[in-house]
Amino acid sequence: MLIDKNSPLPIYHQIEEYIKDRIIKGDLKPGDVLPSEREYSQLFEVSRMTIRQAINKLVNDGYLYRKKGSGTFVAEKKFEQALQGLTSFTEDMKARGLKPSSQLLHFEIIPASLKVAATLQVAEHTPVYEIKRIRLADGIPMALETCYISANLIKGLTEEVITHSIYDYIEGKLQLKIGDATQIIESSLACQTEVELLNINKGSPILLIERCTYLANGTPFEVVRSSYRADRYKFVSQLKR
Ligand code: 16G
């Protein structure tokens, strides 16, 4: 029996678990089209409404995605991103065996706003690099990043550097040691810019991450606001008591 109609567990939830199970076991693979609501409703002998409820939940949780006019598909597995280590996007993607790249949208030296200056612990209007990049893994857009970096501290950033790795440049070329960071994660829904640049549907879930990173001597050098695709990312941390 696929579902138990006498169980206290709601039927849509049992169906959701059944589909999830098939994805985890690999019977349904990323890119596969999901059987139709009609097929599932015949299989489970329940209404299409109940099936839709289960599928909606799996879409919201990132297991499935819908393509207008073509149906519902199995999504790629989410990346698990550890929250402990202070790593760069380049390092994260390489560690997964993926090819990192960046599409540069904007690069300019500007006077720091009051907010950026306060975080970077410099006077207002001190020159900072303003950098906007789309970060890609194997050519697929994963995140949109806007960062402000102290220009007096991190000298000589060029387009060439920032289309590769900023952290590599800081540690390899400038021989400065990166120490730690504070990070805030919030949830949000994709705005029009994110829809276009990350190639996602309107209203898709987004993880907003704001990071302030310090050199090992305690000086803050960057403040970054990133929008990560919540359909592709989950964050994992180890808790000790
Ligand atoms: C990550 C960092 C970002 C940093 C970038 C450097 C988060 C949320 N953000 O994307 O703060 O500027 O890596 O990457 O993790 P890069 O060395 O590849 O340029």
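In listed order, ligands and their atoms are each counted from 1. Keep in mind that what you see is a predicted model, and the values were worked out from it rather than measured.
Compare I131, I209, I162 by their heavy atoms: the one nearest to atom 8 (C) of ligand 1 is in I209.
Applying side chain to side chain contact (heavy atoms under 4.5 Å, CB included) to L198 and the options R232, M142, R229 leaves one that passes, R229.
Atom NZ of K94 is surrounded by 12 or fewer heavy atoms from other residues, nucleotides or ligands within 6.0 Å. For Q238, the CD atom is loosely surrounded, since the number of other residues' heavy atoms within 6.0 Å does not exceed 12. Heavy atoms from other residues, nucleotides or ligands lying under 6.0 Å from CD of Q84 number more than 12.
Residue E222 touches ligand 1 through its side chain alone, judged by heavy-atom distances below 4.0 Å. Counting heavy atoms under 4.0 Å from ligand 1, residue Q81 does not touch it at all. The parts of T90 lying near ligand 1 are both backbone and side chain, judged by heavy-atom distances below 4.0 Å.
Using a non-hydrogen distance threshold of 4.0 Å, E91 does not register as a contact of ligand 1. Taking a 4.0 Å cut-off on heavy atoms, Y169 fails to register as neighbouring ligand 1.
Taking 4.0 Å as the cut-off between side-chain N and carboxylate O, K25 and D27 do not count as a salt-bridged pair.
Interface of Y167 with ligand 1, defined as ligand atoms under 4.0 Å from a residue heavy atom, comprises 4 (C), 6 (C), 11 (O), 12 (O), 17 (O). Close approach to Y228 involves these atoms of ligand 1, each under 4.0 Å from a residue heavy atom: 7 (C), 8 (C), 10 (O), 15 (O). Listed by atom number, the atoms of ligand 1 under 4.0 Å from V224 heavy atoms are 11 (O), 12 (O).
Distance check, rounded to the nearest 0.5 Å: CG of N56 to CD of E16 gives 10.5 Å. Summarising the geometry, atom CG belonging to L197 is positioned 7.5 Å from atom CD belonging to Q103; distances are rounded to the nearest 0.5 Å.
Considering backbone and side-chain N/O of R133, one or more are found under 3.5 Å from N/O of ligand 1.
S226 places no side-chain N or O within donor-acceptor distance of the main-chain N or O of Y228, the cut-off being under 3.5 Å. For the pair S113 (side chain) and V116 (backbone), a donor-acceptor distance under 3.5 Å is present.
From the protein, the heavy atom lying nearest to atom 13 (O) of ligand 1 is F89 N, 3.0 Å. Given atom 10 (O) of ligand 1, the protein heavy atom at minimum distance is E145 OE2, 2.4 Å. Of the protein's non-hydrogen atoms, S165 OG, 2.5 Å is the one closest to atom 17 (O) of ligand 1. Nearest non-hydrogen protein atom to atom 2 (C) of ligand 1 is R211 NH1, 3.4 Å. The shortest contact between atom 19 (O) of ligand 1 and any protein heavy atom is with I166 N, 2.8 Å.
Across L207 and Y233, no two heavy atoms sit closer than the pair CD1-O, 4.1 Å.
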